[in-house]
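So the structure is just underneath, and the comments pick up after that.
For the numbers below, each heavy atom of this structure counts, side chains included, while hydrogens, waters and symmetry mates do not. No experiment lies behind these values; they were computed from the predicted model shown.
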Amino acid sequence: MDEAQKAGTTVLRDGLHFGEGPRRGPDGRLFYSDFYAGEVHALDLTTGEDEVVVAFDGQPSGLGWLPDGRLLVVSMLDRTVRRLEGGDLVLHADISDIATFHANDMLVDGEGRAYVGNFGFDLHGLIDDVGIPRLLEPDFDPPGAALALVQPDGSVSVVAEDLKFPNGMALLPDPTGESESGNILVVAETVAFKLTSFSVDRNGSLQKRRLWADVKEFGIAPDGIAGDGDGVWVAPALQPAAFRVTEGGKITHRVETTQTVFAVAVVDDHLVCLTAPDSNPSVVKPDRLGKIEIYRLN
């Protein structure tokens with residue numbers, strides 16, 4: 001950690017409730033969700049121009065696109081994936097039989113298959129009851145959650161089980177060359193303080209689960225992640241910084257932010273950090289304290 005390169009961000013936009021699900025869109029803009037505004041936005045990182053793409057009476061989170069360019073949006077509270085048709089969000093898939101609490105982050109691959117995580121339990125209720133330090137104790141063993149795979153036609157299956165708050169995901173090249181697709185899926189297990197990887201088959205199913213990086217010693221509860229070469233940028237959910245992590249848990253870079261980082265994306269030559277003072281709805285829902293911070297990558 002002492003040898004990690006350090007840098008700082010520039011605040012590009014403020015006034016968010018709580019930003020999540022940042023992704024580079026097909027048009028090159030940054031797309032992101034604002035939980036408590038019920039909105040999906042698109043932001044031009046060069047001009048700062050921000051557009052509300054769609055708003056609905058719900059809580060959006062993870063984002064992605066089908067191969068034909070149609071936008072997919074996770075609807076957290078009813079545990080569904082919606083599809084943008086014209087100006088309306090219609091039902092794409094219902095994962096309520098799989099998700100045991102709020103649906104959350106999502107990764108959509110080039111074939112239009114969507115991996116969708118969920119909380120698994122009431123995290124903020126637990127934190128209100130016992131506090132964050134309890135999560136760091138060695139005997140803390142939260143309920144596991146299943147990872148859903150949504151096919152382009154909307155059919156749903158379980159591809160992994162007993163993940164501890166499956167959150168951000170990234171597809172990376174398989175360094176072993178053994179996976180059918182040539183890729184591995186890295187999944188952030190937030191309340192296990194680790195990143196877990198799977199080999200990805202051609203049909204999107206997952207095999208060979210293994211520990212990719214244990215980051216607990218760095219105080220990182222991995223939330224959103226974004227692929228970057230052989231590593232991932234990680235939002236730590238407990239610190240005002242983003243970390244670049246490689247397999248085995250080496251920290252290669254640290255980018256400091258003005259407040260805690262909960263989601264990250266790599267958009268062309270920029271690292272994008274979505275920050276807020278807290279993730280608890282009681283703090284961020286009433287006010288607009290969230291920010292989008294950027295850092296130019298070398």
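The backbone N or O of Ala146 sits less than 3.5 Å from a side-chain atom of Asn118, completing a donor-acceptor pair. Within the 3.5 Å criterion, the main-chain N or O of Ala192 finds no donor-acceptor partner in the side chain of Lys216.
There is a side-chain donor-acceptor pair under 3.5 Å between Thr190 and Asn167. Side-chain contact annotation: Thr252 with Arg244, donor-acceptor N/O pair under 3.5 Å present. Donor-acceptor pairing under 3.5 Å is recorded for the side chains of Glu189 and Thr196. Side chain to side chain, His92 and Arg83 meet the donor-acceptor criterion of an N or O pair below 3.5 Å. Counted by atom type alone, Ser61 and Asn104 present one or more donor-acceptor pairs between their side chains at under 3.5 Å. At a cut-off of 3.5 Å, with distance as the only test, a side-chain donor of Gln207 or Asp201 sits close to an acceptor on the other residue. Judged by distance alone, the side chains of Gln259 and Thr275 do bring a donor and an acceptor atom under 3.5 Å apart.
Between His41 and Tyr32, the angle of the ring planes stays under 30°, which puts this pair in the parallel group of the 30/60° scheme.
Once rounded to the nearest 0.5 Å, the distance linking OG of Ser199 with CD of Glu180 reads 9.5 Å.
Here Phe193 pairs with nothing under the ring pair (Phe, Tyr, Trp, His ring centres under 6.0 Å) rule; sequence neighbours left out.
Nearest heavy-atom pair across Val11 and Thr258 is CG2-CG2, 4.0 Å.
With respect to Asp287 and Lys285, no salt bridge is recorded, no charged nitrogen being found less than 4.0 Å from a carboxylate O. Salt-bridge check for Arg13 with Glu49: failed, with every basic side-chain N at 4.0 Å or more from each acidic carboxylate O. Between Asp105 and Arg23 there is a salt bridge, with a side-chain nitrogen of the basic residue lying less than 4.0 Å from a carboxylate oxygen of the acidic one.
With ring centers used as reference points, Phe35 lies 6.0 Å or more from His17.
The side-chain heavy atoms of Val40 and Leu84, taken from C-beta on, include no pair separated by under 4.5 Å.
Listed by first then second residue, pairs satisfying ring-ring contact (aromatic ring centres under 6.0 Å, His included) with a partner in residues 254-298 read Phe18-Phe262, not counting sequence neighbours.
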